[in-house]
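In listed order, ligands and their atoms are each counted from 1. All residue numbers in this chain count up from 1 along the given sequence. Everything numeric in this text was worked out from a predicted model, so none of it was measured.
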Amino acid sequence: MIEKLKPWSKINSWEKKGESLLLRGEEDLKIEVINEKVIRFHFSKNKEWRHNYSFAIEREISKIDFVVEENEEDIILYTGILKVVINKNFPNIKIYEKEKLIHSDYQNYGYAKYKNKVFSLKSFHKEEAFLGLGEKMGGLNKKGKKYVNWNTDDPHHYPNTDPLYQSHPFLLAWNSEFSYGIFFDNTFRTYFDLGEESSEYYCFYADNGELDYYFIYGPTPKEVIENYTFLIGRYYMPPLFALGYQQSKWGYRNKEMLMDIARKFREKDIPCDVLYLDIDYMDGFRVFTFDEEKFPNIKEMIKDLNKMGFKVVPIVDPGVKKDINYEVYREGIEKECFCRRSTGEIYTGYVWPGECVFPDFAKGRVREWWGEKQKKLIDAGVSGIWNDMNEPSSFPHPVDNFSKSWERHSTFWGIFSDHTDEVFYEKTFPKDVLHGERGEFTHDEIHNVYGLLMAKASYEGWRRENPNIRPLIITRAGFSGVQKYSAVWTGDNKSWWEHLYVSIPMLQNLGISGVPFIGADVGGFGLNCSPELFVRWIELGIFYPFFRNHSELNTRPQEPWAFSKEVEDIARNYIKLRYKLIPYFYSLFWEAKEKGIPLIRPLVLEFPNDRESIYNYDEFMLGPFMLVAPIYREGVRARLVYLPPGIWYDFWGNEKYEGPNYISVKAPLGRIPLFIREGSIIPLWEVQSFVGEKKQEILELLVYPGKGEFMYYEDDGISWSYENGEYNLIKIEVNDGKLEIKYLYKGYKSDRKMFKVKYLGKEFLLEDKDYIKLDL
Ligand code: GLC
């Protein structure tokens, strides 16, 4: 590849202009320092900078000053922590922390072009692992492989399938000494070749647009994520009910069926908080309508479900049926809301309702209009919105032929061959669809952010139409920054062991990429789930932040009771454990909101200096304390578990182990290997059938010997009043048999009256106070 590229030529002059350093040559480079660890490198293309906006970085980012020096060979920029050395005659950027080289361009290919494509080649230095890139197949470490970002609806994904539903052009490069990140702020189709082509360099490039990227220094991976999410934004506090168990199926086809499912959960004493309405609820798949026959008086139905403790979340697809008698279509036409082709005609494609038109979410007023349409659902009493098919998924022919076009997948995307376009455009809008008020964006540029913009419309619309209640917004497609608006589920997986397995690294990388509220369809979406697979998936699923069982039309029933009494009992116990853990999850969400740190963490997030940790991605940390080692193969009844440095306790039996070590752990059906780190403090609730059923007057604290601390967070779990200070933040510390509980902030009157501390078989009941000190 490299021989076809035209590299960056020499730098003729430089100037410090306002908050930027400008380097001039045949093409120019603008460098901005966001903070001492974050630097933006923005190259001109044909001597122009047109990328003066960002779909991912939406807030004003202030910059800091820096020092520049020049010598014979180099221009040197100092941020306070980083030193950037740029060679003038043979342009090459090197980044140091003090004298330690962290990162460098490959020769003078730090910027290169080929036709419209822009490239950046980087030397391999100490990058032992590349994490991130969002929702990808394969293992945790992406080194040695090549990936493409182009949101794609691919329900038949195999180990080598790429791309999938989301695009996150973000990398976290890790070694046991330091980590750095690169965010390539380009929404066109982007590629990351992380050593497939060469063992000397890795590279990222885009089909079009500009080379505009951020270098983000750690040195710890957590610091990289914190700074990355500082740029692209973080998730808000989810409504508490969204942390409960959620049940869905395409094919809950009428009110009786749905009510029956709801009643069964209560009769069988299996906790559940959310029921979904898949496309079955709509009138002929017309979005924002109800099928009055199958779901008569939906408002009443939702009210009844609410009374039983269920929330209801309906699906919303972007495809609007082309039907002159359908209000949403007519209104959208009148208001000029739908995407047009370069010829001027409105683009139509096929989705569930037949021929459809599609809102242009790149227009602010269209997002507003769409957000307003949600009012109909909000008035019916729903508690969130499930945004689907927003890659966007659209077909050139009727739905019956869908599976035909899904047969092609996993092609190797040769970068210089234009025929790859055929595949990329097969299941989405054609190339000549234009977006924006003046048609200023081509579909190439908007494609990857269409889902993000739909999620934004959904979230912002909700906040306008129902301003006091936090929604559960979920989306299938997305781009970097999607977490500002939405939770993400990983699309259409299958009831395959391989898909249970792949969710483990996939969710870790999605978390690394800044998205904390994530999950895969538990039990698998497509095909029939076996009892054993279901058990193993529930064992794992209770640790997914987004915990939903969902399956496809015409697959076997997949509710927890649909297999056998044994499976049902196991599922009940696990779901109940999840309900106990809700306050732990919720406090971790506070950390995600404050710092962007995900709940599901690769071991290296907690043990950044431990090399062995990077190889053990078939286990993960839930927050700082719980190590989860799922069983992901059929027939397996034991597994090897890697315990990173420190003392560990078996959650089920309390045996003590010392890491680093590999241990063999028995895992009969219904027993997931689960270990707790020394010094853990895990807040637990009493089990309830749904969030809010019981007043949680006692907060249990499961404390383990050692030294540790935890920030316990609480608020009403319903409204946005936490944004106005109505929350509590309590720091809990354990050290050498002593426990301290201290309010750092008190702004909310919770139901909690007592703490019940459990430590080495002892129990202490303590009244809530601003400061508590206890000898354990
Ligand atoms: C898509 C979604 C799936 C949903 C189906 C029908 O395949 O990913 O979750 O059930 O459409 O709406």
Step-by-step ring-ring contact (aromatic ring centres under 6.0 Å, His included) determination, Phe361 to Trp370: CA-CA 9 Å; Phe361 292 119; Trp370 192 259; 5.4 Å; yes
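- Of all the heavy atoms of Phe285, none lies under 4.0 Å from any atom of ligand 1, so neither backbone nor side chain is involved.
- Atoms of ligand 1 found under 4.0 Å from any heavy atom of Arg476 (numbered from 1 in listed order, with element): 1 (C), 2 (C), 7 (O), 8 (O).
- Residue pairs that meet the side-chain hydrogen bond (donor to acceptor under 3.5 Å, both in side chains) test with at least one member in residues 299-311, sequence neighbours left out, do not exist here.
- Each of Phe563, Tyr574, Trp497 was scored for a ring-ring contact (aromatic ring centres under 6.0 Å, His included) with Phe534, with one residue passing: Phe563.
- For ligand 1, the atoms sitting less than 4.0 Å from at least one non-hydrogen atom of Trp386 are 9 (O), numbered in the order shown with element in parentheses.
- Among residue pairs with one or both ends in residues 506-517, none qualify as salt bridge (Lys or Arg N to Asp or Glu O under 4.0 Å); sequence neighbours excluded.
- Residue Asp521 places no N or O, backbone or side chain, under 3.5 Å from any N or O of ligand 1.
- Below 30°, between 30° and 60°, or above 60°: for Trp561 and Phe265 the angle between ring planes is above 60°, a perpendicular geometry.
- Contact atoms of ligand 1 toward Trp250: 5 (C), 6 (C), 10 (O) (distance under 4.0 Å to a heavy atom of the residue).
- In this structure, Tyr165 falls outside the shell of residues with a heavy atom less than 4.0 angstrom from ligand 1.
- When each atom of ligand 1 is checked for a heavy atom of Trp489 under 4.0 Å away, the hits are 8 (O), 9 (O).
- Across the listed options Glu552, His550, Met282, His550 owns the non-hydrogen atom lying nearest to atom 9 (O) of ligand 1.
- At a heavy-atom distance under 4.0 Å, no atom of Tyr276 approaches ligand 1.
- Of the candidates Asp492, Asp153, Ile474, Asp492 brings a heavy atom nearest to atom 7 (O) of ligand 1.
- Remark: ligand 1 atoms within the under-4.0 Å shell around heavy atoms of Ile279 are 6 (C), 12 (O).
- Under a 3.5 Å cut-off, the side chain of Lys363 and the backbone N or O of His435 do not form any donor-acceptor pair.
- Counting the atoms of ligand 1 from 1 in the order shown, those under 4.0 Å from a heavy atom of Ile315 are 12 (O).
- Under a cutoff of 6.0 Å and an axis angle of 45°, Arg536 and Tyr501 do not form a cation-pi pair.
- Close approach of ligand 1 to Asp278 is summarised as follows: ligand atoms under 4.0 Å from at least one heavy atom of the residue are 4 (C), 6 (C), 10 (O), 12 (O).
- Phe589 has its ring centre less than 6.0 Å from the ring centre of Phe517.
- Residues Asn149 and Thr190 bring a donor and an acceptor atom of their side chains to less than 3.5 Å of each other.
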